[in-house]
Amino acid sequence: MLSGKGFKRLITIDHHITKEENLHPEATGEFTSLLNDLTLAVRIISREVRRAGLNDILGWTNTTNIHGEIRQKLDTYANEILKKAMSQGGHVCAFATEEDDEVTIVSSDKKSKYIILFDPLDGSSNINVNITIGTIFGIYKKLDIDKKVCESSDVLQRGRNLVAAGYALYGSSTLLVYSTGNGVNAFTYDPTIGEFLLSKSNMKIPQFGRQYSTNEGNAFFWDEKVKNFVDYLKTPNQDKRFPYDLRYIGTLIADMHRLLNYGGIYLYPANQKHPHGKLRLIYEVNPLVYILEQSGGIATDGKNRILDILPQQIHQRTPLFMGSPEEMALLNKFLNNTQTHN
Ligand code: AHG
Ligand code: MN
Ligand code: MN
């Protein structure tokens with residue numbers, strides 16, 4: 001018999017969004033409405049993901065995206081649903097997504113002041129084998145809200161300027177994690193009532209963990225310092241934390257969510273196959289790092305803080321190192337040659 005103790009408080013995501021917006025006296029309710037449109041899209045994508053195999057959603061389309069990747073049906077479906085949901089409220093002036101080559105200008109109305117970036121379906125290689133996939137989003141405001149149409153500078157803002165970011169995970173349950181700069185909260189979807197309910201509030205990444213996460217199949221192509229660091233993590237020493245466990249799902253958002261809960265480090269360095277890294281800066285990495293930093297974590301491209309990078313183009317890639325404060329400090333010693341491992 002269920003006790004009802006699972007949820008400390010019954011707070012829906014709608015209540016939570018409204019409560020957060022009320023912290024800003026100048027708020028107009030537009031942002032609340034924008035996030036509501038977004039959660040609607042996530043609910044629809046979640047419905048199709050949950051029925052994958054029964055509906056006609058698995059498999060490939062005969063189109064490729066700008067990265068040369070063959071689009072899966074679910075990539076295309078999620079992209080279309082998100083674009084439709086985000087265009088209808090009149091709050092969004094432009095969006096950029098992994099699946100579209102160019103920025104789409106949605107509205108030239110002065111009142112439309114938000115820019116939304118998204119990876120509609122993250123973890124495409126896991127779609128057909130029933131492994132966790134997700135959706136990532138980041139939201140900016142126009143740099144000059146009195147201007148009419150958004151310009152490229154509005155879309156190519158530093159991650160530090162994000163006004164909100166989040167992700168949905170279609171895993172053992174559907175989970176939506178988001179932040180508007182006041183901490184990180186997670187909501188679990190209850191399909192029987194059609195609501196996201198607060199399941200974890202004010203999430204904090206542990207100071208350190210015992211896991212590293214990376215596609216180690218690329219190790220041959222890594223820089224020596226990175227190889228050295230990972231070898232160090234795998235070698236026993238007096239500290240019981242070593243050797244670290246390896247966990248890698250290959251869905252960035254799922255690897256990030258585990259990192260947020262258990263701590264440790266995630267790395268996708270540049271390598272000879274991907275000299276600028278593989279992951280895309282503005283719609284994959286920045287939103288995640290915004291959440292991670294809100295929870296007390298740190299992320300760099302090996303030199304600079306990710307959120308300080310000024311993007312030059314929408315599909316730009318970046319190397320990524322992110323994790324708990326202790327592992328990131330250790331990584332820096334290796335990258336700066338103040339510690340080595342032989
Ligand atoms: P997407 O499915 O949106 O194209 O993203 C794929 C990304 C990311 O989710 C994942 O962590 C990474 O690619 C996996 O890369 P490898 O297969 O090279 O490990
Ligand atoms: Mn992705
Ligand atoms: Mn994707």
Side-chain angles (χ1 to χ4, degrees), residues 41-42 45 48-49 52 57-61 63-83 95-101 116-138 165-171 177 211-222 226 230 246-260 264-292 299 306 314-323:
V42 167
I45 298 166
E48 295 308 319
V49 170
I57 203 80
L58 294 182
W60 281 264
T61 65
T63 61
T64 49
N65 65 18
I66 195 163
H67 309 286
E69 300 154 349
I70 302 175
R71 289 194 187 97
Q72 307 244 11
K73 289 184 192 168
L74 209 48
D75 287 320
T76 306
Y77 180 81
N79 195 38
E80 292 309 316
I81 293 294
L82 276 157
K83 288 198 292 187
F95 49 66
T97 124
E98 179 187 322
E99 299 305 334
D100 294 345
D101 298 1
I116 174 148
L117 312 170
F118 48 87
D119 177 355
L121 222 288
D122 179 55
S124 302
S125 68
N126 285 325
I127 293 176
N128 295 327
V129 286
N130 240 305
I131 294 174
T132 299
I133 49 182
T135 296
I136 309 174
F137 63 89
Y167 56 86
L169 268 184
Y170 314 108
V177 178
Q211 298 180 348
Y212 72 103
S213 182
T214 190
N215 182 343
E216 211 165 346
N218 291 329
F220 183 84
F221 301 110
W222 290 344
V226 175
V230 171
L246 167 64
R247 294 284 183 274
Y248 189 68
I249 298 167
T251 296
L252 173 64
I253 199 67
D255 284 313
M256 146 73 184
H257 189 67
R258 190 195 50 252
L259 178 69
L260 182 56
I265 191 160
Y266 174 96
L267 44 149
Y268 207 119
N271 61 49
Q272 289 162 21
K273 274 197 295 183
H274 297 107
H276 304 291
K278 178 183 179 192
L279 302 168
R280 279 64 53 111
L281 176 64
I282 72 168
Y283 45 77
E284 277 182 322
V285 173
N286 271 340
L288 291 197
V289 171
Y290 178 83
I291 301 266
L292 184 84
I306 291 284
I314 60 170
H315 296 292
Q316 178 172 336
R317 298 176 191 264
T318 180
L320 174 64
F321 302 86
M322 62 176 176

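In listed order, ligands and their atoms are each counted from 1.
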Item to complete: Let me see the working for E69 and S124 under side-chain contact (heavy atoms from CB on, under 4.5 Å), right down to the final yes or no.
Response: CA-CA 10 Å; E69 300 154 349; S124 302; over 6 Å; no

Discussion item. Would you say that P269 contacts F321 through its side chain, given a criterion of any heavy-atom pair below 4.5 Å between the two side chains?
Written reply: yes

Worksheet item: Does any non-hydrogen side-chain atom of Y268 lie less than 4.5 Å from one of V285?
Response: no

Worksheet item: Does S124, backbone or side chain, put an N or O under 3.5 Å from an N or O of ligand 1?
Response: yes

Fill in: pair M256-I291: side-chain heavy atoms closer than 4.5 Å
yes

Practice prompt. Could you see which bit of D119 sits under 4.0 Å from ligand 1, with heavy atoms only: side chain, backbone, both or neither?
Written response: side chain

Worksheet item: Are any of the side-chain heavy atoms of Y266 and Y248 separated by less than 4.5 Å?
Response: yes

Response to the item:
Judged by heavy atoms only, the candidate from E99, K278, E284 nearest atom 15 (O) of ligand 1 is K278

Practice prompt. Give the residue and atom name of whichever protein heavy atom lies nearest to atom 11 (O) of ligand 1, and the separation in Å to one decimal.
Written response: L252 N, 3.0 Å

Worksheet entry | Pairwise side-chain contact, L121 with I133, heavy-atom cut-off 4.5 Å (strictly under) | yes

Practice prompt. Could you tell me which atoms of ligand 1, counted from 1 in the order shown, lie closer than 4.0 angstrom to a heavy atom of E69?
Written response: 4 (O)

Practice prompt. Specify the protein heavy atom at minimum distance from atom 18 (O) of ligand 1: its residue, its atom name, and the distance to 0.1 Å.
Written response: Y268 OH, 2.6 Å

Worksheet item: Ignoring waters, how many protein N/O/S atoms are under 2.8 Å from the Mn ion (ligand 3)?
Response: 3

Discussion item. Any non-hydrogen side-chain atom of L82 less than 4.5 Å from a side-chain atom of F137?
Written reply: no

Fill in: side chain to side chain donor-acceptor pair (under 3.5 Å) partner of R71, the single match among T61, T64, T63, N79
T63

Worksheet item: Are any of the N or O atoms of E98 closer than 3.5 Å to those of ligand 1?
Response: yes

Worksheet item: Would L320 and L288 satisfy side-chain contact (heavy atoms from CB on, under 4.5 Å), going step by step from the backbone distance to the final call?
Response: CA-CA 11 Å; L320 174 64; L288 291 197; 5.7 Å; no

Worksheet item: Under a 4.5 Å cut-off applied to non-hydrogen side-chain atoms, are E98 and D75 in contact?
Response: no

Worksheet item: With side chains defined as the heavy atoms from C-beta onward, is the minimum distance between T132 and N126 less than 4.5 Å?
Response: no

Worksheet item: Quick one: nearest non-hydrogen protein atom to atom 9 (O) of ligand 1, plus distance?
Response: D122 OD1, 2.6 Å

Item to complete: Tell me, please: is G250 in heavy-atom contact with ligand 1, that is, under 4.0 Å?
Response: yes

Item to complete: Can you pull out the closest protein heavy atom to atom 14 (C) of ligand 1? Residue, atom name and distance to 0.1 Å, please.
Response: Y248 OH, 3.4 Å

Discussion item. If we set the cut-off at 4.0 Å for heavy atoms, which region of R280 has an atom near ligand 1: side chain, backbone, both, or neither?
Written reply: side chain

Practice prompt. Report the part of L121 in contact with ligand 1, treating N, CA, C, O as backbone and CB onward as side chain, heavy atoms under 4.0 Å; options are side chain, backbone, both, neither.
Written response: backbone

Item to complete: Heavy-atom contacts with N215 under 4.0 Å: which atoms of ligand 1 show up? List them by number with element.
Response: 16 (P), 18 (O), 19 (O)

Item to complete: Would you name the heavy atoms of P287 and I136 that are closest together and state the gap between them?
Response: CB-CG2, 3.6 Å

